Amino acid sequence: MKSLEELQAIRAKMQGRVGFRSEDESQTRVVVGMATCGIASGARPVLSALADAVQEEGLNNINVTQTGCIGLCQYEPIVEVMEPGKEKVTYVKMNPEKAMEVFRLHLKGGQVVTKYTLAAEQK
Amino acid sequence: MMPEIALNILDVAENSVRAEADLVEIEVQIDTRKDFLSVLIRDNGCGMTQEQVQRVIDPFFTTRTTRKVGLGVPFFKQAAENADGSFSIRSKPGKGTEVKAVFRLSHIDRMPLGDISGVIHTLVVFHEPTEFCYRYTYDDKTFVLDTREMRAILGNVSLKEAEVSDFIKDYLETNKAEVDGGKQV
């Protein structure tokens with residue numbers, strides 16, 4: 001059985017770095033809808049993929065969180081990207097692969113992936 | 001319908017978090033001899049009145065203004081009853097809510113448990129500061145993950161930190177495999 005012992009070491013290592021994660025206005029927020037509609041259509045793998053990617057690349061200015069029902073159940077899984085000073089971008093019918101494209105092109109590259117947005121879907 | 005029991009657990013536990021619970025207990029018990037799989041989700045959130053409980057189990061009396069009310073609970077109930085099981089929900093305003101679903105393990109219509117470790121990881125990491133106590137039992141073996149114990153060791157280090165998050169994932173997967181021998185449930 002794995003015990004909690006390793007956490008002691010992690011704590012000792014992290015001690016000096018606590019408070020590093022800033023939660024101010026300069027943060028980009030990435031929000032995944034995780035109500036019944038989102039979960040049923042596959043939001044959990046999307047959330048994990050985004051959170052893992054942000055973590056792996058150490059992007060401390062991006063905060064991946066979850067929320068309840070956004071009110072557009074037929075378009076789930078939905079990912080909203082809120083960058084400071086910019087209009088919110090709503091990506092619809094996401095899956096982990098599409099989410100990775102959004103991660104690469106939008107979150108890292110600054111380019112909105114228009115083909116996956118709500119506006120494109122509604123056309 | 002959800003494809004896995006684990007996703008039903010995620011959905012119902014999300015309700016607990018939204019009901020402002022500071023402790024959510026989740027128990028998954030598999031008994032191959034008595035042929036059942038049971039799931040218990042208990043929280044100390046705001047709870048519901050008797051009338052609200054009735055509404056929650058009926059998908060056609062839902063209101064979209066109350067987030068606790070919707071298809072989540074009826075999905076879970078139906079999944080259990082389809083597998084020759086049972087479902088109950090008990091709640092008291094100001095005290096909390098307890099949801100219990102039992103499935104017949106060998107029933108042909110029982111949906112798979114699914115990625116339960118992944119679901120618990122998602123709940124624990126994305127809902128700070130809500131505390132979770134998760135217990136997984138397979139026949140005579142059990143393991144427990146209690147975020148209160150973790151936090152006592154970690155102090156003010158967040159569960160969201162990469163190394164802690166990876167540890168939690170590993171802890172869940174390793175211990176689950178030890179308890180159930182890596183069997184697909």
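Proteins come first, then strands; the chains are lettered A, B, ... in the order of their sequence lines, and each starts at number 1. Just so it is clear, the model here is predicted, and its values are computed rather than measured.
Contact of the E149(B) side chain with the L7(A) side chain is not registered, since no non-hydrogen atoms from C-beta on lie closer than 4.5 Å. T122(B) has its side chain within reach of M34(A): a pair of non-hydrogen atoms, C-beta onward, lies under 4.5 Å apart.
A donor-acceptor pair is defined here as one N or O able to donate and one able to accept, closer than 3.5 Å; such a pair exists between the side chain of N175(B) and the backbone of K2(A). Q55(A) places a side-chain N or O within donor-acceptor distance of the main-chain N or O of K160(B), the cut-off being under 3.5 Å.
Interatomic distance, CZ of F75(B) versus OG1 of T36(A), reported as 7.0 Å (0.5 Å rounding). Atom OG1 of T67(A) is separated from atom CZ of R18(B) by 7.0 Å, given to the nearest 0.5 angstrom. How far CZ of F167(B) is from CG of L4(A): 5.0 Å, rounded to the nearest 0.5 Å.
Contact record, A35(A) with D11(B): C-OD1, 4.0 Å, taken as the closest heavy-atom pair. Across R44(A) and G118(B), no two heavy atoms sit closer than the pair NH1-O, 3.0 Å.
The choice from D170(B), D115(B), T174(B), L145(B) that makes the most heavy-atom pairs within less than 4.5 Å of chain A is D170(B). When V64(A), T65(A), V54(A) are compared by the number of non-hydrogen pairs under 4.5 Å with chain B, V64(A) comes out ahead. The most heavy-atom pairs under 4.5 Å with chain A, out of V17(B), L10(B), V164(B), come from L10(B).
Using a 4.5 Å cut-off between heavy atoms, D166(B) touches chain A through its side chain atoms alone. Of the two parts of I10(A), only the side chain, counted from C-beta on, holds a non-hydrogen atom closer than 4.5 Å to a non-hydrogen atom of chain B. Contacts between S3(A) and chain B at a heavy-atom distance below 4.5 Å involve the backbone alone (N, CA, C, O). In this structure, chain A has heavy atoms under 4.5 Å from both the backbone and the side chain of V119(B). Neither the backbone nor the side chain of K141(B) comes within less than 4.5 Å of any heavy atom of chain A. For a residue to count as touching a neighbouring chain, one of its non-hydrogen atoms must lie under 4.5 Å from one of that chain's; by this rule H121(B) does not touch chain A.
When the side chains of ILVMFWY residues are joined at heavy-atom separations under 4.5 Å, either directly or via intervening members, Y136(B) and F36(B) end up in two distinct hydrophobic clusters. Following chains of ILVMFWY side-chain contacts shorter than 4.5 Å, one cannot reach L40(B) starting from V144(B), and the two form parts of different hydrophobic clusters. Under the 4.5 Å side-chain heavy-atom criterion for Ile, Leu, Val, Met, Phe, Trp and Tyr, I89(B) and L71(B) are members of the same hydrophobic cluster. Under the 4.5 Å side-chain heavy-atom criterion for Ile, Leu, Val, Met, Phe, Trp and Tyr, L50(A) and Y116(A) are members of the same hydrophobic cluster. Linking Ile, Leu, Val, Met, Phe, Trp and Tyr residues whenever their side-chain heavy atoms come within less than 4.5 Å leaves I70(A) and V31(A) in two separate clusters.
The side-chain contact (heavy atoms from CB on, under 4.5 Å) with E161(B) is formed by just one residue from the set R11(A), K13(A), M14(A); it is M14(A).
Summarising the local packing, CZ of R135(B) is surrounded by 12 or fewer heavy atoms from other residues, nucleotides or ligands at distances under 6.0 Å. Counting non-hydrogen atoms of neighbouring residues, nucleotides and ligands closer than 6.0 angstrom, the CD atom of E101(A) exceeds 12 such neighbours.
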